[in-house]
Every structure is written in C-alpha cells, then in structure tokens.
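The sequence lines fix the lettering, A, B, ..., with proteins before strands; numbering per chain opens at 1.
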Number of protein chains: 2
Amino acid sequence: MVDTAPSEPQERPRRSDATRAAILDAARDRFAADGYERATIRAIAKDADIDPSMVMRYYGNKAGLFAAASEIDLRLPDLAAVPRDRLGEQLIRHFLDRWEGDETLTGMVRVAVTNEAGAERLRDVFTEQIRPALAAICPAPEELDSRAALIGSQLVGMGLLRYILILPPAAALPREEVVAWLAPTLQRYLTAEHP
Amino acid sequence: MVDTAPSEPQERPRRSDATRAAILDAARDRFAADGYERATIRAIAKDADIDPSMVMRYYGNKAGLFAAASEIDLRLPDLAAVPRDRLGEQLIRHFLDRWEGDETLTGMVRVAVTNEAGAERLRDVFTEQIRPALAAICPAPEELDSRAALIGSQLVGMGLLRYILILPPAAALPREEVVAWLAPTLQRYLTAEHP
DNA sequence: TATCGTTGCCAACAAGCGTTGACCAACATG
DNA sequence: CATGTTGGTCAACGCTTGTTGGCAACGATA
C-alpha cells in the first residue's frame, strides 16, 4: 500500500518511477514487435536493463504487464468539426498517420490476433474511442454499430496488409493513392443511405 | 529415401499414410485455433493420438510441419464467367463462405500475423491465387496489383473483425447486410476508373 | 524361416519460460 | 543513530518446449 488517503488514490512520485517507465516502454516495443507469446519477460527486462524479477514486482505477472502496457489512444479528432464531405479523407489520413507514427496499432493487432486479453483490449478501443467519435456524425443512431464496424473493417484491413503482413502490392501503394481509393469507401460507409 | 525412380518422384502408398494424414489434420486445427507458438507439437500429437516423435520423423521439425500443413486453396471461381456488374457481390459471397466454411482462412491469418513463415505463405496465396483470378477481369494490367491489394484489404479486414477478433458489431452484422455494403466497394475497386 | 526396412513408443536431453524468495544497499523517518 | 521501507540483484524453482536416440513389434521379401 502506498496511498495515504483511502478515498483519494493520491499518487506520490516514487523513486522507482523511471524503472517502471523503462519496463513499460520495453514491454510495448516487444509486444508490438513479437506478439504476446514471443515477447518474453526476460527479453523485456534485458531491453529495459533491469532484472526480470522487477517486472514481477511492479506488474504482478505477464498478463498484468500487458494490461499496463497496452493502453492505447487513437487520438481521434473531433469529426463534428470536419466538413461533411471530407470525413472519409480525414479518417483515412488520420489512421495512416497512426499506423506509421509508432508501433501502437501494429502491436495491438499483432497481440489481439492470438491472445484473448489483447482481443478484449482491442474491442474496448472500439467501443470507447471509435464508436463515440463516429456517433457525433452518424446519421441514424441505430445504424452506428454497423457503420462503425464497416469503417473499422476497411481501416484495419489496409493496415494489416500494409504494415503487418507487408504484402508488397499493398505496402507499395503510394499514400495518396490509398487516400484516393479508401476515402470514398469510408465516406459511403459513414454517410450514405443504407443500401 | 522412398522413391524408386530418381527422375520421377513416384509416390507409392506407405503404411504410415494414415498417421501422416492424422498429424496433418491435427496440425491444421491447432495452428488455426492457437497460432504458431501456442500450437505445440505435443498437443498436435495428442490430438492425432500418436507420439510427438512421429511428428519429427515425418516432418523434420515444427517449421516443416507448418509448411506441410499450411497449403491453402481459396477455390476462387472463374470470374470471367460472372456477369460484370455482379463481380463484387460474387466475391464477397465467396469469401464469406470460405471464412465460415472451415478454419483455413482464420488459421492462415492467425499464424501469419506473428510468424514470418506464415506471412510468407499468405503472400504466396495472394500472388498465386488472388492475383491470377483478378487478372482475368481487371481493366488495366498495370493497375492489377493496386486493385488486388485494395480488394484484399477490404476482404481480410472484415474477416479479421468478424471471425478472428469477433468484434460484436462486426460479428452481429447479418450476412446479407455485409454483402449489401461490401459488394459495391469491391465492385468499385475492381472496375471503377482510377479516382 | 531369416532378414531388413518401416512404424511406433518411451525416456530423456538442453534450453527457455514465468515466477519466487532470500539477500543486500540506499533511503527516509523516529 | 537506530529502524523500517523501498529499490534492486542473484540464484533457483518447477514446468513446458522442440528435439533426439534407443528399442521393440510389424510386414514384406528372399
């Protein structure tokens, strides 16, 4: 126990914060690069330049470490502020940035595919971030789930082929070409009438 | 060595063919369900009701077993025989059948995401099956790769969300709704002019 | 019947895994 | 200064992994 007040979890800076952060950083990298099984605690500890037992002390076990390391923020913009006819374009541009910016997204998918906790986390991201963001502009509320799923399918599909499987024809596609092709698709999934 | 003629690899039926097949069946199931790492040779051998050492004898090592167990046939129809304005619909229907029919596709993706040999195999499937099938009907040959990648991205994206991650809004989408939404997308990727 | 490749099981190996507990140094508090 | 808490290292545990080699039973051939 560290808390001084029981009701307020007042977090005072600990001397070990740097170590904790180093572990978390290394864990994120390893999980993203190798997936859950092959990202071993020993490898993570080595990257962080500490002893494997520290990982256990601070995060309990491997599952706890993953839970702590897999907090994701898609940083979705406020779509209500985007011109209605450019929503698709904005969406695909934002996600290309997120896929390419760091290994957060690739890592999340890599883990989610073979690990139930990872899949759960990805489902959380959907309901807590994607759904609300789209709710602001979705025409009919009862269609929100369907439309969000459709949009997600196209976005994650291109990400998978381009950045994880690195399928040459997908990876070689120029960014602007991806935007030109996918933007109308997303725009339709988001704003078109139910077919 | 089993071959009798050096030039012709004349395969005579072996007494162990049943065992070999049982191993391969079990391996396919395990790889599909658990991914490469968690599909252990011991578990596969137990499913096949034989000793783990038999797997090694007949397939060399785990990588060899995977190579033998991961031969995939998408059974793509002859698209040239399909009415041009129904290509998208036919495509999505065929792939929904393949995703749902057995665990071949889900397994392939599950392994490919965290295993390089699996990714390689999936890339092979693309160049050897998807590309040629689309070549028969693609308007401009120089655009074949791009269009095939786009189609692949939408198909694999929906499959991932619906059958692997089992994201509720995607999994709950009625089949005909998926067809109605995705068919126009695929039709456009396949036949529309370059945007 | 004697021979020899094939088929299968068994026990074991070395390596790697997640995890634990003992132990020491540094620090903050009385 | 004495004391308890925290940060960190080390060695080891029990277990699972892929993989290996020995050995017994079978089946075809001679």
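- For B:Lys62 and D:dT20, the NZ to P distance is 15 Å, given to the nearest whole Å.
- Between A:Arg38 atom CZ and C:dA15 atom P the separation is 21 Å, expressed in whole Å.
- With salt bridges taken as basic N to acidic carboxylate O contacts below 4.0 Å, none links A:Glu103 and A:Arg30.
- Side-chain proximity of B:Arg15 to the nucleotides D:dG7, C:dT7, C:dT19 is greatest for C:dT7.
- Closest contact between the side chain of A:Asp51 and the listed nucleotides D:dC10, D:dG8, C:dG8 involves D:dC10.
- For the pair B:Arg98 and B:Asp73, the salt-bridge criterion is not met [side-chain N within less than 4.0 Å of a carboxylate O].
- Distance OH (A:Tyr59) to C1' (C:dT19): 17 Å, rounded to an integer number of Å.
- Across the interface with DNA chain D, nearest-nucleotide mapping of B:Tyr36 and A:Tyr58 shows A:Tyr58 to be the residue nearer the 5′ end.
- For A:Ile50 and D:dC10, the CD1 to P distance is 12 Å, given to the nearest whole Å.
- We find that CE of A:Met56 is positioned 13 Å from C1' of D:dC13, with the value rounded to whole Å.
- In this structure, a donor-acceptor pair under 3.5 Å is present between the side chains of B:Thr185 and A:Arg188.
- Residue A:Thr40 has its side chain nearest to C:dC17 when only D:dT20, C:dC9, C:dC17 are considered.
- Distances from the side chain of B:Ser53 to the nucleotides D:dT20, D:dT19, C:dT19 place D:dT20 closest.
- Counting heavy atoms from C-beta outward, A:Tyr163 and A:Met158 have side chains that stay 4.5 Å or more apart.
- Contact check, A:Thr19 against D:dG7: no side-chain N or O comes under 4.0 Å of OP1 or OP2.
- Atom CG of B:Asp17 and atom C1' of C:dT6 are 12 Å apart (whole Å).
- In the interface, the side chain of A:Arg42 is paired with the base of C:dG18 through a donor and an acceptor atom under 3.5 Å apart.
- Distance CZ (A:Arg20) to C1' (D:dT6): 10 Å, rounded to an integer number of Å.
- For A:Arg57, the listed nucleotide lying nearest its side chain is D:dT9; candidates were C:dG18, D:dT9, C:dC9.
- Between the P atom of D:dC15 and the CD1 atom of A:Ile41 lies a distance of 18 Å, rounded to the nearest Å.
- For the pair A:Lys62 and A:Tyr36, the minimum side-chain heavy-atom distance is below 4.5 Å.
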